[in-house]
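Scroll down for the structure; my scribbles are underneath it.
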2 protein chains.
Amino acid sequence: MRRYRTNVDGKVQTLNFHVPGDFCNLHTNLAQSIEYSIGTVGPAVIAYIPHDRIEEISRQNPRLARTFNWLAFNEFSILQEWLFNVGSRPSPQRLAHLLCELLIRLRAAGLTDGHHFYLPLSQAQLGEAMGITIVHTNRSMGQLRKEGLLTLEGRKVDVTNWPGLKKYADFDVRYLHLDNTEPSLIKGL
Amino acid sequence: MRRYRTNVDGKVQTLNFHVPGDFCNLHTNLAQSIEYSIGTVGPAVIAYIPHDRIEEISRQNPRLARTFNWLAFNEFSILQEWLFNVGSRPSPQRLAHLLCELLIRLRAAGLTDGHHFYLPLSQAQLGEAMGITIVHTNRSMGQLRKEGLLTLEGRKVDVTNWPGLKKYADFDVRYLHLDNTEPSLIKGL
DNA sequence: CGAGAATTTGATAGGGCTCAACCTAAGTGG
DNA sequence: CCACTTAGGTTGAGCCCTATCAAATTCTCG
């Protein structure tokens, strides 16, 4: 799924993607208003949990309370990285960085096969996450292929040169704070 | 103060400004690593509060615990707005939006005089918050002046046409969640 | 097979960057 | 008190990255 916002001209800016297992709205209980929309980018199974229930669980179980806070911090961290990405990297690098992040997050969710994964996003949607147009997204993608970093078949992405992609994107996994992730899922990253 | 990050080429991206009274690092107790630097943009008085102490206070005083969470949510909200700003608005609008935010945040901190305020930032630093160069920041500023939205004397900003600036920037205060702010400080915004 | 959606490619325009110079204001030191 | 220095603001010219417009091609799926 994705969290996004539409501006006055109709242009969409994606604020984050949510992979299976993620919360979408965990810490909005304090807000009178939220400033974004949430939508699916593919088939999704959604569970609704009232904020009351989350708070109740937090009171009863400090360890889970801590986990909830950790999740919120993680989202913050990703958002910060996106701002940095959009604000400071040229578009091919920006795309490379986004793909690195998605690979790792999907991998941590058990949804990849080595460096090969299914990405349910159109190039238009990728562009909306980076603040660039469809056409330019396509050309940036072409660039990454030309550099021999990855190949595409439909929406299957195959990162043929992971170290190269990471280096190209100046990608540093640490902001995803995977320290508590099942090690077998993220080894070699 | 500001939170920022420097990329491989030496380019700086500011992630947020912190006005007097703000925390800079409230919710990083859960992290093994943080991905940014913090620096001053002018004279500053800084108080250090250990995370342990914050947690202790939170346990003893649920109302303050709630406030701490609210502060974190607020930062999240601002970060999100910045991503939207940088990702989707042309540079003069982007600058206008940033100035709207700074005016209101400084005003809520009691540091403005009507629509007139002192902004301790160079144009270079403003540019770093928007992902554009010094020169272009200067030209965008010129644009805002030409539109009759504000005037500058040194670093004193005078927003001569607040409704105009707000409209120009497509600025909607709600993301700053000022509902609990002393009303006299923010009336007429 | 046909139709709509997504990807790809080309040509052109424009926003923002780079390089460079100039100007102003505010120190600094003799 | 003034020459000198330095940081920041302003302006101009040319180029490059990205947007826009448009059309062709490929893919997907009923």
Phosphate OP1/OP2 of dT8(C): any R145(A) side-chain N/O under 4.0 Å: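 Yes, because at least one side-chain N or O of R145(A) sits under 4.0 Å from OP1 or OP2 of dT8(C).
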Short side-chain N/O contact from N138(A) to OP1 or OP2 of dT7(C), under 4.0 Å: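 No.
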Whole-Å gap separating [atom2] ([N]) and [atom1] ([X]):
| X | N | atom1 | atom2 | result |
| --- | --- | --- | --- | --- |
| M141(B) | dT10(D) | CE | P | 8 Å |
| Q93(A) | dC17(D) | CD | P | 11 Å |
| L144(B) | dT10(D) | CG | P | 12 Å |
| Q143(B) | dT10(D) | CD | P | 14 Å |
| E153(B) | dG8(D) | CD | C1' | 17 Å |
| I134(A) | dT7(C) | CD1 | P | 8 Å |
| K156(A) | dT28(D) | NZ | P | 11 Å |

Atom pair CZ (R139(A)) and CD1 (I132(A)), whose distance is rounded to the nearest 0.5 Å: 11.5 Å
Rounded distance [0.5 Å steps], CZ in R5(B) versus OG1 in T14(B):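 Output value for this atom pair is 12.5 Å.
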Quick test: give all pairs of protein nitrogen or oxygen and nucleotides 18-24 of chain D nitrogen or oxygen below 3.5 Å, distance rounded to 0.1 Å.
| unit_1 | atom_1 | unit_2 | atom_2 | d |
| --- | --- | --- | --- | --- |
| dT18(D) | OP1 | S91(A) | N | 3.4 |
| dT18(D) | OP2 | S91(A) | OG | 3.0 |
| dT18(D) | OP2 | H136(A) | NE2 | 3.2 |
| dT18(D) | O5' | H136(A) | NE2 | 3.3 |
| dA19(D) | OP2 | T133(A) | N | 3.2 |
| dA19(D) | OP2 | T133(A) | OG1 | 2.9 |

E81(A)/R89(A) ion pair, N-O < 4.0 Å: yes
Under 3.5 Å donor-acceptor, H97(B) side chain and V86(B) backbone: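 Not a single qualifying donor-acceptor pair exists.
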Whether D9(B) side chain and K11(B) backbone form a donor-acceptor pair below 3.5 Å: no
Between the side chains of [X] and [Y], is a donor N or O closer than 3.5 angstrom to an acceptor N or O?
| X | Y | answer |
| --- | --- | --- |
| H177(A) | E35(B) | yes |
| Y36(A) | N25(A) | yes |
| Q80(B) | R3(A) | yes |

Passing candidate, side chain to side chain donor-acceptor pair (under 3.5 Å) with R2(B), options Q125(B), H18(B), E128(B): E128(B)
Strand-adjacent residues in residues 119-129 of chain B, judged by heavy atoms under 4.0 Å from DNA chain D: S122(B), Q123(B)
